[in-house]
**Student:** 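Provided herewith is a single structure, encoded as structure tokens, for subsequent inquiry.
Letters A, B, ... mirror the listed sequences (proteins, then strands); counts begin at 1. Heavy atoms only: backbone and side chains are in, while hydrogens, waters and symmetry mates are out. Please read all numbers here as calculations on a predicted model, not as lab measurements.
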2 protein chains.
Amino acid sequence: MELLEIIKSLSNETRLNILEWLKDPFAHFPEEELSQDTPELGVCVSDIAKKAGMSVPTVSDYLKTMSSANILIATRKGQWTYYKRNEKSIQDLATHIKDKL
Amino acid sequence: MELLEIIKSLSNETRLNILEWLKDPFAHFPEEELSQDTPELGVCVSDIAKKAGMSVPTVSDYLKTMSSANILIATRKGQWTYYKRNEKSIQDLATHIKDKL
DNA sequence: TAGGTATTTAGGTAATTCCCTAAATTTGTG
DNA sequence: CACAAATTTAGGGAATTACCTAAATACCTA
């Protein structure tokens with residue numbers, strides 16, 4: 001639990017938004033572009049980039065930052081990299097702030 | 001509750017350290033330099049700057065950033081400005097992350 | 001193997017953050 | 001009022017972050 005790294009990974013509006021969107025992909029992304037196993041795998045880079053209105057490389061880097069901080073989980077499947085939230089880490093963060101910060 | 005503003009105010013190692021130190025001023029600052037009502041008022045800018053090993057203006061600005069985000073509470077008394085933690089806001093942050101992030 | 005799609009890596013400019021010194025302000029005191 | 005102590009404001013250089021385009025890589029499929 002690298003608190004500073006986690007906090008930095010969240011200290012950007014777009015990255016916070018991505019975390020929100022991934023809470024409920026079906027509410028935030030066009031259904032036809034979601035993989036059939038989205039709840040399990042998450043959403044792929046280019047769909048997130050489109051939603052964010054930013055370039056794919058920028059968003060790819062954001063997602064990598066958040067998964068390095070262990071806040072997102074990446075799954076490579078074929079040519080796609082899917083990202084989903086790491087709910088455990090998010091809860092651990094909340095607990096850490098509550099009890100230790 | 002401006003989540004992004006709060007997170008940004010915490011996204012720096014020195015500022016995180018300050019928050020830690022203020023959890024227990026008697027454990028982190030020389031007793032003789034603490035005000036007699038430190039638990040109530042907190043610790044003054046120059047003592048925090050000394051502990052941080054940074055210039056007073058830099059730390060003054062850090063403290064202002066954190067109190068603007070409502071994570072610290074500032075109290076001016078005479079020529080000193082004392083800062084203490086806003087425990088309520090810190091708990092609110094934890095709860096927000098747990099339930100809403 | 002050739003070509004297409006998705007992603008990542010490289011490299012660069014602009015914006016923001018870090019953190020300093022100097023100057024200005026606030027408050028207390030003789 | 002004059003001076004001293006604590007803090008804040010201004011201003012600036014260095015480092016980091018934001019976010020882009022171009023190029024490279026990975027993987028699929030004919």
**Student:** Only counting residues at least two apart or in another chain, list the ones meeting salt bridge (Lys or Arg N to Asp or Glu O under 4.0 Å) with B:K23.
**Tutor:**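 B:K23: no salt bridge (Lys or Arg N to Asp or Glu O under 4.0 Å) contacts found.
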**Student:** If you compare every side-chain N and O of B:S60 against the phosphate oxygens of D:dT8 (OP1, OP2), does one of them come in below 4.0 Å?
**Tutor:**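 True: B:S60 side-chain N/O within range (under 4.0 Å) of D:dT8 OP1/OP2.
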**Student:** At a heavy-atom distance below 4.0 Å, what parts of residues 18-44 of chain B sit against DNA chain C?
**Tutor:**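 When residues 18-44 of chain B is checked for heavy atoms under 4.0 Å from DNA chain C, there are no hits whatsoever.
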**Student:** Below 4.0 angstrom, which residues in residues 66-80 of chain B have at least one non-hydrogen atom near DNA chain C?
**Tutor:**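 Nucleic-acid contacts, sorted: B:R76, B:G78, B:Q79.
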**Student:** Do A:R85 and A:L19 have side-chain heavy atoms sitting under 4.5 Å apart?
**Tutor:**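 A:R85 vs A:L19: side chains touch.
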**Student:** Considering residues at least two apart in sequence or located in another chain, which fulfil the side-chain contact (heavy atoms from CB on, under 4.5 Å) criterion with A:L4?
**Tutor:**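 Listed in chain order: A:K8, B:E13, B:L16.
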**Student:** What pairs with B:K50 under salt bridge (Lys or Arg N to Asp or Glu O under 4.0 Å), at least two apart in sequence or on another chain?
**Tutor:**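 Testing B:K50 for salt bridge (Lys or Arg N to Asp or Glu O under 4.0 Å), a comparison that skips the adjacent residues, returns B:E33.
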**Student:** Between D:dT7 and B:S46, is there an OP1 or OP2 to side-chain N/O distance shorter than 4.0 Å?
**Tutor:**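 So the side chain of B:S46 is within the cut-off, an N or O lying under 4.0 Å from OP1 or OP2 of D:dT7.
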**Student:** Walking along DNA chain C from 5' to 3', note the first and the last nucleotide with an atom under 4.0 Å from a heavy atom of chain A, and give both.
**Tutor:**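 It runs C:dG4 to C:dT9.
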**Student:** Return the CG to NZ distance between B:L93 and B:K98, rounded to the nearest 0.5 Å.
**Tutor:**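 B:L93 CG to B:K98 NZ: 13.5 Å, rounded to 0.5 Å.
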**Student:** OG/B:S89 to NE2/B:H96 distance, rounded to the nearest 0.5 angstrom?
**Tutor:**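 Output value for this atom pair is 12.5 Å.
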**Student:** Closest heavy-atom contact between B:V43 and B:P25?
**Tutor:**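 That would be CG2-CB, 3.8 Å.
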**Student:** List in chain and number order the residues that pass side-chain contact (heavy atoms from CB on, under 4.5 Å) with A:A49, two or more places apart in sequence or in another chain; answer none if no residue qualifies.
**Tutor:**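 side-chain contact (heavy atoms from CB on, under 4.5 Å) list for A:A49, sorted by chain: A:V56, A:V59.
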**Student:** Map A:V56 and B:L63 onto DNA chain D by nearest heavy atom, then report which one ends up closer to the 5' terminus.
**Tutor:**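 Its nearest nucleotide being more 5', the pick is B:L63.
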**Student:** Output yes when B:K51 and B:D47 qualify as a salt bridge under the 4.0 Å nitrogen-oxygen rule, no when they do not.
**Tutor:**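 Salt bridge absent between B:K51 and B:D47.
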**Student:** Could you tell me which residues satisfy salt bridge (Lys or Arg N to Asp or Glu O under 4.0 Å) with B:K77, sequence neighbours excluded, listed by chain and number?
**Tutor:**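 Once residues adjacent in sequence are excluded, the partners of B:K77 under the salt bridge (Lys or Arg N to Asp or Glu O under 4.0 Å) criterion are B:D37.
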**Student:** Let me confirm one number: the CD1-OG1 distance from B:I48 to B:T81, rounded to the nearest 0.5 Å.
**Tutor:**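 Rounded to the nearest 0.5 Å, the CD1-OG1 separation comes to 10.0 Å.
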**Student:** Taking salt bridge (Lys or Arg N to Asp or Glu O under 4.0 Å) as the test, write out the residues that go with A:E5, two or more places apart.
**Tutor:**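 Salt bridge (Lys or Arg N to Asp or Glu O under 4.0 Å) check on A:E5 returns nothing, list empty.
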**Student:** Give me the distances for all protein-to-nucleotides 14-19 of chain D N/O pairs that come in under 3.5 Å?
**Tutor:**
unit_1, atom_1, unit_2, atom_2, d
D:dA18, OP1, A:N12, ND2, 3.2
D:dA18, OP2, A:R15, NH1, 3.1
D:dC19, OP2, A:Y62, OH, 2.1

**Student:** Estimate the overall bend of the helix from C:dT1-D:dA30 to C:dG30-D:dC1 from the end axes over five pairs each, rounded to 10 degrees.
**Tutor:**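 Axis-to-axis angle, ends of the helix: 20°.
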**Student:** Kindly indicate whether the side chain of A:E87, heavy atoms from C-beta on, has any atom under 4.5 Å from the side chain of A:I90.
**Tutor:**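 Sidechains of A:I90 and A:E87: in contact.
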**Student:** Is there a continuous path of hydrophobic side-chain contacts, each under 4.5 Å between heavy atoms, that joins B:L41 to B:Y83?
**Tutor:**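 They do not share one cluster, since no chain of ILVMFWY contacts under 4.5 Å joins B:L41 to B:Y83.
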**Student:** Looking at residues at least two apart in the chain, or sitting in another chain, which of them share a side-chain contact (heavy atoms from CB on, under 4.5 Å) with B:K84?
**Tutor:**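 With sequence neighbours excluded, B:K84 shows a side-chain contact (heavy atoms from CB on, under 4.5 Å) to B:I73, given in chain and number order.
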**Student:** Pick base, sugar-phosphate or nothing for A:Y83, based on heavy-atom distances below 4.0 Å to the nucleic acid.
**Tutor:**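 Sugar-phosphate, no base atom in range.
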